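To start, the structure under review is shown below, and the notes come after it.
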Amino acid sequence: MNLAWAFLETPIGLLRVEASAAGLTRVHLAGAPQNEAEGPGWAHVTRFLDFAERYFAGEPVGYAGALDLSGATPQQAALWRYVQSIPYGRTQSYAQVGRALGLHPRAVGAGMRAVPWLLAVPAHRVIHADGRVGGFAGMEGVKAWLLAFEGVNPA
DNA sequence: CGCTCGCACATGG
DNA sequence: CCATGTGCGAGCG
């Protein structure tokens, strides 16, 4: 697959944004920057960069561009699409998401773990039913930072 | 109250 | 096969 990518310095670290012609394929924290690569998905990359810059500037925006779901299972696709609809500054528990989609709470956690896109799919807005932040692929600090940044009560 | 245990689902290593 | 980004109910101090 011919991919395009770019890097963006943000308050939570260096972000690497990657996309195919179908949409974003990955958004994650990278150690060191590499050369950018334009390709079929470049438009998706720039669209995300625009969103990210506004997000970190404090605007209550959400990424509404395309995501490349070619590698996702049906459950993941449904779950991620649902999570993408959770509005800025709001949170929902794993159980709530599970009830909305007919999935076991634990299955929701499993699905969230596999989210390939930081920010594009606001996985950080899904927390424990009792208010605890929960895990975040080994980066709980990032999750807590994002929630605080959006003005969510620390709990 | 607070802590532990067991169970249920889906995914990735 | 096993350990997760969980929730809920039960049991025990």
Side-chain angles (χ1 to χ4, degrees), chain A residues 1-5 7-32 34 41 44-45 48-49 51-52 54-56 58-155:
Chain A
M1 194 182 295
N2 201 351
L3 301 173
W5 63 80
F7 291 80
L8 177 68
E9 196 59 60
T10 75
I12 58 174
L14 184 64
L15 222 52
R16 183 187 135 96
V17 186
E18 181 189 273
S20 69
L24 288 181
T25 50
R26 261 195 114 182
V27 175
H28 62 115
L29 291 176
Q34 300 160 19
H44 295 119
V45 172
F48 179 84
L49 292 177
F51 148 74
R54 296 205 296 163
Y55 176 87
F56 286 113
E59 290 184 48
V61 292
Y63 175 74
L67 298 175
D68 185 341
L69 295 169
S70 59
T73 65
Q75 303 235 34
Q76 290 176 328
L79 176 61
W80 297 342
R81 198 175 37 142
Y82 177 85
V83 172
Q84 218 178 355
S85 76
I86 298 177
Y88 182 98
R90 301 273 310 232
T91 60
Q92 222 165 111
S93 72
Y94 292 88
Q96 274 176 66
V97 175
R99 278 195 295 275
L101 298 171
L103 288 174
H104 186 103
R106 186 103 188 242
V108 173
M112 300 308 291
R113 241 183 332 179
V115 170
W117 316 277
L118 193 58
L119 299 171
V121 170
H124 59 277
R125 295 186 194 138
V126 181
I127 61 180
H128 277 258
D130 61 16
R132 277 145 58 223
V133 173
F136 199 59
M139 309 180 295
E140 276 198 27
V142 172
K143 185 172 185 176
W145 189 94
L146 292 172
L147 291 172
F149 184 67
E150 295 184 13
V152 176
N153 298 325

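Chain A is the first sequence line, chain B the second, and so forth, proteins listed ahead of strands; every chain is numbered from 1. What you are looking at is a predicted structure, and each value in this text was computed from that prediction instead of being measured.
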Separation of C:dG7 atom C1' from A:Gln96 atom CD, nearest Å, is 12 Å

- request: Flag the pair A:Glu150 / A:Thr91 as yes when at least one side-chain heavy-atom distance between them is below 4.5 Å, and no otherwise.
  value: no

Side-chain contact check for A:Gln75: nearest option of C:dC8, C:dG5, B:dA10 is B:dA10

A:Arg26 atom CZ is separated from B:dG12 atom P, nearest whole Å, by 13 Å

Look only at the side chain of A:Trp145 and the backbone of A:Ile12, and say whether a donor-acceptor pair between them is shorter than 3.5 Å. no

Taken to the nearest whole Å, NE2/A:His128 to C1'/C:dT4 is 11 Å

When rounded to whole Å, the CZ to P distance for the pair A:Arg113 and B:dG13 reads 9 Å

Considering only heavy side-chain atoms of A:Ser93, the closest of B:dA10, C:dG5, C:dG7 is C:dG7

Distance-only, no hydrogens or angles: does the A:Gln84 side chain make a donor-acceptor pair with backbone N or O of A:Tyr63 under 3.5 Å?
-> yes

Checklist entry - Would you say A:Val108 and A:Tyr82 make side-chain contact, with heavy atoms under 4.5 Å? => result no

Judged by nearest nucleotide, the residue sitting upstream toward the 5' end of DNA chain B, A:Pro105 or A:Ala114, is A:Pro105

Would you indicate what A:Ala129 reaches in the nucleic acid, counting non-hydrogen atoms under 4.0 angstrom: base, sugar-phosphate, or nothing?
-> sugar-phosphate

To the nearest angstrom, the NZ-P distance between A:Lys143 and C:dT6 comes to 8 Å

query = Would you call the rings of A:Phe149 and A:Tyr55 parallel, tilted or perpendicular if under 30° counts as parallel and over 60° as perpendicular?
reply = tilted

A:Ile127 atom CD1 is separated from C:dG7 atom C1', nearest whole Å, by 14 Å

Closest of B:dA8, C:dG5, C:dG7 to the A:Arg106 side chain is B:dA8

Over all strands shown, is A:Gln76 touching base, sugar-phosphate only, or nothing at heavy-atom distances under 4.0 angstrom? sugar-phosphate

When both distances are under 3.5 Å in a Watson-Crick or G-U wobble arrangement, the nucleotide paired with B:dC7 is C:dG7

Separation of B:dC9 atom P from A:Arg99 atom CZ, nearest Å, is 17 Å

In whole angstroms, the gap separating P of C:dT6 from CG of A:Leu79 amounts to 13 Å

By nearest-heavy-atom nucleotide on DNA chain B, the more 5' of A:Thr73 and A:His104 is A:His104

